[in-house]
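Fair warning: this is a prediction, and the values are worked out from it, not measured in the lab. Numbering starts at 1 and runs along the sequence shown.
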Amino acid sequence: MITRSRQRPVESAPQPVPLDVRLMNLTAALLFVVVLIALAASAALWLARNPLFALKGIRVDGETTHSNATLLRATVAPQLVGSFLTVNLARTRSAFESVPWVRHAVVRREFPNRLRVTLTEHRPVAHWGDEADARLVDNFGEVFEAAGADVAADLPRLKGPAEQAGQVLGMYRTLQPLFEQYQLRINQLALSGRGSWQTVLDTGAVIELGRGRADEVAARTERFLRTLPRVIDQYGRPVQALESADLRHRDAYALRMRGITTTSPVEPKKK
């Protein structure tokens with residue numbers, strides 16, 4: 001028997017694309033991308049220059065008790081550059097936050113040609129620095145400028161390094177309730193550069209509180225206030241007669257009262 005073998009056709013290997021063809025394809029692809037980018041840039045430029053998207057106004061919401069429209073316009077308007085689409089929101093936010101009393105600003109676009117700004121103002125809780133200083137401290141312990149502002153006259157005055165304003169405010173909030181129990185109020189609280197605390201009460205009494213953490217100073221102050229009425233009562237004086245006190249001694253304190261002296265009058269020399 002004669003059998004015939006079937007021969008399978010031999011498949012030829014794919015021929016490599018010539019180098020010049022690959023270069024042409026790559027060049028065409030690059031040109032296509034460049035054209036797309038150019039068209040996109042042209043479209044963006046056209047939109048940016050379109051009068052429809054010119055910045056027409058800014059809507060301001062939020063707390064604006066001290067930030068009036070005239071002040072906002074005069075401070076922010078010169079810093080606005082570009083159209084609705086190109087204006088820098090971060091720079092605009094910084095411009096609003098540079099206005100006195102503005103603590104935080106949120107800026108958003110409102111299609112097609114307006115900005116919407118939500119402001120949060122500082123809430124003053126104390127004066128900061130010397131009497132001639134126009135700075136205030138807000139409820140977050142941040143110092144801010146408030147020249148010419150109408151603020152409550154009964155706010156306490158805090159002093160110390162500006163970077164430690166939050167610590168000074170925290171100490172005030174710790175100590176004030178202790179004095180309130182004795183119908184006394186802190187008018188001034190100061191932190192020296194060496195870390196020592198001093199307070200002036202509404203009666204004019206000056207109290208040296210010494211150094212230490214808030215809990216240590218509070219414990220020392222509470223012990224002083226708890227024993228003060230008994231000490232002053234020995235001289236028939238009210239607590240408001242206190243003139244000064246020094247709590248920097250380890251287990252005691254020194255005090256001075258108005259109308260009370262522990263020294264004898266100097267007798268005139270005999271001639």
Side-chain angles (χ1 to χ4, degrees), residues 103 122-147 149 151-235 237-263:
R103 179 177 182 270
H122 294 281
R123 293 177 54 193
V125 295
H127 296 279
W128 181 260
D130 298 325
E131 294 286 343
D133 205 328
R135 292 181 295 173
L136 297 169
V137 183
D138 69 10
N139 54 321
F140 290 96
E142 298 175 0
V143 179
F144 65 100
E145 296 288 342
V151 296
D154 60 346
L155 292 179
R157 182 168 296 277
L158 307 180
K159 297 182 179 182
E163 65 274 10
Q164 293 179 279
Q167 180 184 353
V168 179
L169 178 61
M171 182 67 82
Y172 170 81
R173 288 171 169 170
T174 298
L175 297 178
Q176 177 56 28
L178 303 180
F179 286 98
E180 284 180 350
Q181 299 177 38
Y182 299 88
Q183 290 73 52
L184 297 171
R185 187 170 65 87
I186 296 176
N187 268 8
Q188 179 176 299
L189 178 65
L191 173 63
S192 72
R194 305 178 72 176
S196 185
W197 296 92
Q198 180 196 75
T199 184
V200 179
L201 305 181
D202 56 342
T203 60
V206 179
I207 303 178
E208 299 291 346
L209 302 172
R211 305 181 188 182
R213 302 189 308 269
D215 58 336
E216 295 172 337
V217 176
R220 199 155 56 235
T221 302
E222 187 176 18
R223 183 169 60 250
F224 162 70
L225 291 172
R226 188 174 61 250
T227 59
L228 179 63
R230 295 199 303 268
V231 174
I232 288 188
D233 189 57
Q234 297 177 11
Y235 299 92
R237 293 281 192 265
V239 173
Q240 287 72 19
L242 177 67
E243 183 175 347
S244 64
D246 191 341
L247 313 189
R248 293 174 293 183
H249 305 280
R250 182 175 179 83
D251 296 315
Y253 57 81
L255 57 82
R256 177 177 295 177
M257 293 176 289
R258 297 182 182 90
I260 301 296
T261 179
T262 57
T263 60

Under 3.5 Å, side-chain donor or acceptor atoms of residues 157-167 against the rest of the protein: list the pairs with distances, not counting sequence neighbours.
| from | atom 1 | to | atom 2 | distance (Å) |
| --- | --- | --- | --- | --- |
| R157 | NH1 | G129 | O | 3.0 |
| R157 | NH1 | D130 | O | 2.8 |
| K159 | NZ | D130 | OD1 | 3.4 |
| Q164 | NE2 | Q167 | OE1 | 3.0 |

[X] versus [Y]: any side-chain heavy-atom pair under 4.5 Å?
X    : Y    : value
M257 : E243 : no
L189 : M171 : yes
V239 : Q183 : no
T221 : F179 : yes
L184 : Q240 : yes

For F140 and L169: C-alpha separation, side-chain torsions, deciding distance, then whether side chain to side chain contact (heavy atoms under 4.5 Å, CB included) applies. CA-CA 9 Å; F140 290 96; L169 178 61; over 6 Å; no
The criterion is side-chain hydrogen bond (donor to acceptor under 3.5 Å, both in side chains); which residues satisfy it with [X], sequence neighbours excluded?
X    : answer
D233 : none
R213 : D215, E216
R248 : D246
E208 : Q198

Run through D138, L155, V143 and flag the one making a side-chain contact (heavy atoms from CB on, under 4.5 Å) with W128.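 The option that passes is V143.
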Going by salt bridge (Lys or Arg N to Asp or Glu O under 4.0 Å), name the residues that satisfy it together with [X], two or more places apart in sequence or in a different chain.
X    : value
E142 : R103
E222 : none
R220 : none
D154 : none

Atom pair CZ (R223) and CG (L178), whose distance is rounded to the nearest 0.5 Å: 12.5 Å
How long is the gap from CG on L175 to CD1 on I186, to the nearest 0.5 Å?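 So the CG of L175 and the CD1 of I186 are separated by 5.0 Å.
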Please name all residues satisfying ring pair (Phe, Tyr, Trp, His ring centres under 6.0 Å) with H122, sequence neighbours left out, ordered by chain then number. F144
For Y253, all residues meeting ring pair (Phe, Tyr, Trp, His ring centres under 6.0 Å), sequence neighbours excluded: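 Y253 satisfies ring pair (Phe, Tyr, Trp, His ring centres under 6.0 Å) with F224 only.
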Closest contact, heavy atoms only, R237 versus A241: CB-CB, 3.8 Å
At their closest point, which heavy atom of G212 faces which heavy atom of W197, and how far apart are they?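 Residues G212 and W197, closest heavy atoms: O-NE1, 4.0 Å.
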Walk me through whether Q188 and T199 qualify under side chain to side chain contact (heavy atoms under 4.5 Å, CB included). CA-CA 5 Å; Q188 179 176 299; T199 184; 5.9 Å; no
Within residues 171-181 or reaching into it, pairs that qualify as salt bridge (charged side-chain N to carboxylate O under 4.0 Å, His left out) - sequence neighbours excluded: none
Heavy-atom donor-acceptor pair, R258 side chain to L242 backbone, under 3.5 Å: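 Yes: the side chain of R258 pairs with the backbone of L242.
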